[in-house]
Amino acid sequence: MKIKNIKFYLAAAVMGLGLTSCEDFLDRPTEDNYTAGQYYRNDAECIAAVNYLYNSPWYDFQRGFIYLGEVTAGNLYANGPDEHMYLDFSYNSSSKHIRNMSYSLWAVNGHANVVRNYIAGSGASQAVKNQTMGECLLWKAMAYFYLVRTFGDVPIVHDNSEMLERGDYNDQLKVQKADVYEYICLTLEKAIELLPEVCDEGRLDKYCAKGLLAKVYLAKAGVSGKLDNNDLQKAYDYAKDVMDNSGRQLEKNYADVFKLEGNKSKENMIAWRWVVSGNWTSQNSFQSDLGMTGIDEFGDVWGEWNCPSIDLQDAFGFNVLDDPKSRPDVDTRRKATFMTIGDVVPYLWRDHGGFDYMRFEYDKTYNDAAWEQHRAPTGCNVVKHMYGNNADHMAALGSSADRMASSLCTPLLRLADVYLVLAEAKVLMGQGSDADALKAFNAVHQRAIPNATAKTSLTFDDVWKERRLELALEGDRWYDFVRLSYYNPERAISEIKNQRRNVYWNLDPMFKNYYKTGQWQLVNKDDDGNDQTAMYDDQTPVPNVNISSFTIPFPMEDLTFNPHLKEDAIHVNVRETYKY
């Protein structure tokens, strides 16, 4: 919340933050010469004015989204100099990813506030004013949902302009997280009032806001330290409304949600809508941090060391030490989430007949950048967030990728998530045999495992595990632990402490031998002729997690610019204090 950054964000919002886009969804004029008085004049300009809220202000959150959301939760292994703190819970106020996350989230809030104010006074039709102001409010609510679940008690910045005029922007007190949740609910209620029932492809509508509000109420239900059935009922009611009335359906094939073509999937209710453009920060850069070196032709990928954890593999019932020709692999979500020896991903490297993991590592005639060595410490690599190579990008979207840049959208709220919110709300109310809960859960579960027997009653463990598998590596798992810690910290701590967060030794000789001979042997010769046995390294200490671990420390810069962040939070009657 640096004052100099906030002033920049406000200036950028006044100018409209001009972007150029190769996709109709984000087409907008460049506005280098516009002032606020010369913009926001009509429907088209107001719609264009909110487009960048779907990408640019969120850009610096990408790494925190993955490292906090998945490494801390035990779904992803990352042990670089800046990432180990998420693995062993040694994070502190100096983390650059936490700093960038904070700046990004406050930027979204600042942009949303200012643009909404300008639209309110614009020359657009009332219908477009309502739609675009509703979009601003939904993105503001999303930013606050991340803020409260990450940092706990945070200030409420309702109107940046008023605070800057008073000169007290950096004198804001923290507000108790229960009140922050109430503020998010208030904001989403107004968004629901403003947004249309149905909107253009990719844009936010009323049911997107209702789906998010259901998820907010599920988290809010435990914030007092015990579950509130009124909040759980509201979570159910909003999720039920989405399930019955939104007209959205789950994709038939799970993997289709995450392909480049998935940008058009109605299952992706709220998503970052990235575009490759001349404006740095409008693009998706996840492949660089999570992909295997050489997967694209831009020399911008270094992520094979960030790999799906062994504990996540366990959750899928998958063991990388099993023979690929006979290993059980019944959950179709596994191959859409991570890949390993023996796998081919058909929608990546389409011009090569699909991405063949084994050949990519060892065959220079297939991949001239092949290391001829297996490098992932856990034996697997990420599939989600991969767009592949430029031929894939061109084939799917008709436009080119670029260095650290794709137009692959990033889902933040999917219909399947809303279904599982509904199921969990009912389970937590002691209604695990409820017909709606079973319908929602079974729709998600049986898509993943088509031959699975339908559940006739649900437990918390059923839904808890299903959420992990369904949403794995989508930046969400840590926040499941956060809301669990509100009312059952003992379980949250115990589960994390019992995760397998380490790596395997000597996978390369085994993988290489399998590639050359087709034989699967745990004991193999290395390049020097020595026996090497593939095995799990069990020497990693148990994570030092405790109840305080579920609240991330504010960045040092925020603490410096607003010393009140070190003070106790205050209670605010949100419904009386803030008006939209």
Side-chain angles (χ1 to χ4, degrees), residues 67-77 84-92 145-154 176-178 180-181 215-233 235-236 309-316 417 420-421 423-432 437 441 457-472 475-502 538 540-553 568-569:
Y67 292 133
L68 179 60
E70 299 297 333
V71 177
T72 312
N75 276 352
L76 192 73
Y77 177 86
H84 73 278
M85 64 182 64
Y86 306 101
L87 193 67
D88 63 10
F89 292 85
S90 61
Y91 37 68
N92 54 59
F145 194 32
Y146 281 117
L147 282 165
V148 72
R149 292 179 298 166
T150 301
F151 301 110
D153 306 327
V154 293
Q176 293 172 5
K177 57 180 177 284
V180 177
Y181 273 110
K215 190 168 181 175
V216 170
Y217 269 117
L218 184 65
K220 179 176 178 288
V223 74
S224 68
K226 61 181 181 179
L227 288 168
D228 184 322
N229 277 353
N230 290 328
D231 285 342
L232 292 173
Q233 183 64 45
Y236 163 78
S309 71
I310 296 171
D311 201 74
L312 179 61
Q313 296 172 42
D314 291 343
F316 274 102
D417 189 352
L420 294 176
V421 166
E424 185 173 339
K426 279 295 187 181
V427 167
L428 292 176
M429 287 190 285
Q431 301 171 30
F441 180 91
S457 65
L458 297 172
T459 66
F460 177 80
D461 287 345
D462 291 331
V463 183
W464 182 249
K465 180 177 181 180
E466 198 70 21
R467 285 192 62 82
R468 184 181 193 185
L469 301 182
E470 178 68 25
L471 303 173
D476 194 67
R477 187 58 174 175
W478 174 244
Y479 297 111
D480 278 344
F481 277 112
V482 169
R483 64 183 175 81
L484 179 63
S485 76
Y486 291 160
Y487 66 92
N488 192 351
E490 295 81 8
R491 171 167 178 152
I493 292 168
S494 175
E495 184 168 329
I496 290 171
K497 284 187 173 182
N498 284 286
Q499 289 175 336
R500 294 214 291 168
R501 290 178 168 241
N502 211 342
D538 59 359
T540 295
V542 173
N544 183 27
V545 58
N546 53 56
I547 188 58
S548 67
S549 303
F550 298 98
T551 302
I552 305 302
D568 290 341

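The structure displayed is predicted, hence computed values, not measured ones.
By the 4.5 Å heavy-atom criterion applied to side chains, R149 and Y181 are counted as neighbours. Residues E470 and D417 fail the side-chain proximity criterion, which asks for heavy atoms closer than 4.5 Å. The shortest side-chain heavy-atom distance between W464 and L484 falls under the 4.5 Å cut-off. The side-chain heavy atoms of Y77 and V71, taken from C-beta on, include no pair separated by under 4.5 Å. Looking only at side-chain heavy atoms (C-beta outward), Y487 and L428 come within less than 4.5 Å of each other. In this structure, Y146 and L68 have side chains that are not in contact, with every pair of non-hydrogen atoms separated by 4.5 Å or more.
Separation of atoms CE (M429) and CG (N230) is listed at 10.0 Å; rounding is to 0.5 Å. How far CG of L312 is from CZ of R501: 12.0 Å, rounded to the nearest 0.5 Å. Remark: L218 CG to L227 CG distance equals 9.0 Å, nearest 0.5 Å. Note that CD of Q431 is 12.0 Å distant from CG of L458, once rounded to the nearest 0.5 Å. Note that CG of L87 is 8.5 Å distant from OG1 of T72, once rounded to the nearest 0.5 Å. How far CD1 of I493 is from CZ of R491: 13.0 Å, rounded to the nearest 0.5 Å.
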Exercise for the section: Please test T150 against Y479 for side-chain contact (heavy atoms from CB on, under 4.5 Å), starting from the C-alpha separation and ending with a verdict. Expected result: CA-CA 8 Å; T150 301; Y479 297 111; 2.8 Å; yes
Exercise for the section: Check the pair F460 / N488 against side-chain contact (heavy atoms from CB on, under 4.5 Å), numbers first and verdict last. Expected result: CA-CA 12 Å; F460 177 80; N488 192 351; over 6 Å; no
Practice task
Might you work through the side-chain contact (heavy atoms from CB on, under 4.5 Å) test for D480 and R477, ending with a clear yes or no?
Solution key: CA-CA 5 Å; D480 278 344; R477 187 58 174 175; 3.3 Å; yes
Exercise for the section: Go through the steps for K215 and F145 under the test side-chain contact (heavy atoms from CB on, under 4.5 Å), then give the verdict. Expected result: CA-CA 10 Å; K215 190 168 181 175; F145 194 32; 4.0 Å; yes
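Residues S309 and R468 come closest through the heavy atom pair OG-NH2, 4.4 Å. Heavy-atom minimum distance, Q499 versus D311: CA-OD1, 3.3 Å. Here the closest non-hydrogen pair linking L232 and A425 is O-CB, 3.6 Å. Taking both residues in full, the closest heavy atoms of S457 and D462 are given as O-OD2, 4.0 Å, listed atom of the first, atom of the second, then distance. Closest approach of F151 and I552 over heavy atoms only: CD2-O, 3.3 Å. Between A423 and V463, the closest heavy-atom pair is CB-CG2, 4.3 Å.
Taking the six-membered ring where the residue is Trp, W478 and F481 present tilted rings, their angle falling between 30° and 60°. Using a 30° and 60° split on the angle between ring planes, Y86 and Y67 fall in the parallel class, below 30°.
In the model, Y486 has no side-chain atom that pairs as donor or acceptor with a side-chain atom of S224 under 3.5 Å. Checked by atom type, the side-chain pair D461/T459 shows no donor-acceptor distance below 3.5 Å. Defined by atom type and a distance below 3.5 Å, a donor-acceptor pair is present between the side-chain atoms of D88 and S90.
Of the possible donor and acceptor atoms, one in the side chain of S549 sits under 3.5 Å from a partner among the backbone N and O of N546. Between the side chain of S485 and the main chain of V482, a donor-acceptor pair closer than 3.5 Å is present.
One finds a salt bridge joining D476 and R467 here, because a Lys/Arg side-chain nitrogen approaches an Asp/Glu carboxylate oxygen to under 4.0 Å. Looking at R483 and E424, a side-chain N of the basic residue comes within less than 4.0 Å of a carboxylate O on the acidic one, giving a salt bridge.
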